[in-house]
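So the structure is just underneath, and the comments pick up after that.
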Amino acid sequence: MPDPSPHECAELAELALSAARLGASLAAELRSRPLEVSTKSTATDLVTNADRAVEEVVVAHILAARPNDGIVAEEGSGNGLDAPVVWVIDPIDGTTNYVYDFPGWATSVGVRTIEGTLLAGAVVDPRHGDEFVAARGRGAKRNGTPLALEPPPPLQEALVATGFGYDAERRAHQAGVFRQVLPQIRDTRRMGAASVDLCSVAVGRVDAYYELGLAEWDLAAGTLIAQESGARVEELDGGPPRAGGRVVAAHPDLWPALVDLLRRCGL
Ligand code: IPD
């Protein structure tokens with residue numbers, strides 16, 4: 001099957017945005033009631049009843065409109081993985097922020113082909129009042145306004161976001177890289193939601209972002225939003241970001257110097 005046209009991607013983006021809005025508003029509503037919190041991969045990896053409830057409504061909303069598409073989602077929904085179009089969903093990206101009621105969690109809905117080409121994506125971050133959406137070849141928008149990345153500062157004046165995984169050994173490695181990076185840039189921000197970090201690159205709220213070991217649902221929507229705003233978002237060694245890899249996002253003029261620094265620091 002040929003890849004969807006830009007017009008079809010725009011339709012997918014509309015559906016991604018309506019699904020992400022629905023998810024984020026349910027999450028916001030559930031946050032005002034007592035949460036059931038438990039753990040997943042490690043004692044620091046949290047999941048709540050809201051993550052599961054949001055995933056259920058987001059998946060149902062998408063499948064009501066496109067019953068033959070595939071689904072990959074953080075809390076375990078998965079079907080139709082051999083379908084030509086697959087939806088990649090993080091119902092609440094930044095669950096730790098959500099549990100602590102710290103602003104900066106989002107519902108993230110990406111769409112890709114079975115081969116992995118990103119087609120559309122939406123990230124809704126209600127505590128910051130931000131709705132991001134992108135369609136392949138059609139650009140990215142924040143709250144309806146088209147995004148276009150400004151030229152970046154030199155690396156030593158760049159504000160560089162990053163994040164840390166849940167596994168203690170991985171965190172220790174990430175901290176070692178970070179200790180070496182920090183003296184060579186302006187400063188850092190650790191938002192706690194990878195999708196929001198990627199959207200922050202898209203709007204110039206940070207100059208760059210890198211992280212090791214993300215899952216596909218952390219990456220999908222935010223990657224396309226940042227790319228469609230003009231950012232280069234790739235693996236450290238080139239090629240499309242992949243689950244478990246080392247993603248680097250920045251203006252194309254800043255990307256090579258940042259990658260060089262991250263390599264020297266052992267990312
Ligand atoms: C996490 C967030 C965090 C990143 C972690 C992710 P979750 O996703 O995106 O910023 O540093 O690597 O796992 O668990 O909150 O959906």
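Both ligands and their constituent atoms are indexed starting at 1 by order of listing.
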Side chain [X], main chain [Y], donor-acceptor under 3.5 Å:
X      : Y      : result
Asn97  : Gly104 : yes
Glu157 : Pro154 : no
Asn49  : Leu35  : no

Proximity to ligand 1 by part of [X], non-hydrogen separation under 4.0 Å:
X      : answer
Tyr166 : side chain
Arg190 : side chain
Thr96  : neither
Leu214 : side chain
Glu74  : side chain

Does an N or O from [X], backbone or side chain, lie closer than 3.5 Å to an N or O of ligand 1?
X      : value
Ser195 : no
Asp197 : no
Ala194 : yes
Asp45  : no
Gly94  : yes

Short list, please: which atoms of ligand 1 are under 4.0 Å from a heavy atom of [X]?
X      : value
Gly163 : 11 (O)
Gly192 : 2 (C), 3 (C), 10 (O)
Asp90  : 16 (O)
Ala193 : 2 (C), 9 (O), 10 (O)
Phe164 : 5 (C), 11 (O), 12 (O)
Ile92  : 16 (O)

Less than 4.0 angstrom from a charged side-chain N to a carboxylate O is my criterion; do [X] and [Y] meet it?
X      : Y      : answer
Asp197 : Arg189 : no
Lys40  : Glu75  : yes
Asp130 : Arg205 : yes
Asp125 : Arg127 : no

Between His7 and Glu11, do the side chains contain a donor N or O and an acceptor N or O under 3.5 Å apart?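 There is such a pair between these side chains.
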Which residue supplies the protein heavy atom nearest to atom 8 (O) of ligand 1, what is that atom called, and how far is it?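 That would be Asp93 OD1, 3.0 Å.
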At what distance is the nearest protein heavy atom to atom 12 (O) of ligand 1, and which residue and atom is it?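 The answer is Glu211 OE2, 2.7 Å.
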Asp51 vs Thr95, side chain to side chain donor-acceptor pair (under 3.5 Å): CA-CA, chis, key distance, verdict: CA-CA 8 Å; Asp51 293 76; Thr95 301; 2.9 Å; yes
For the CD atom on Gln184, are there more than 12 heavy atoms of other groups (residues, nucleotides or ligands in this structure) within a distance under 6.0 Å?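 Yes, the 6.0 Å shell around CD holds more than 12 heavy atoms from other groups.
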Hey, any chance Val72 and Ile62 share a hydrophobic cluster, counting ILVMFWY side chains that come within less than 4.5 Å of each other, even indirectly?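 Different clusters: Val72 never reaches Ile62 through Ile, Leu, Val, Met, Phe, Trp or Tyr contacts under 4.5 Å.
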Under a single-linkage definition using a 4.5 Å side-chain heavy-atom cutoff for Ile, Leu, Val, Met, Phe, Trp and Tyr, are Leu155 and Val206 assigned to the same hydrophobic cluster?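 Looking at the clustering, Val206 is in a separate group from Leu155.
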Contact between ligand 1 and Asp51 is defined here as a heavy atom of the residue under 4.0 Å from a ligand atom; is it met?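 It does not, in that no heavy atom of Asp51 comes within the 4.0 Å cut-off of ligand 1.
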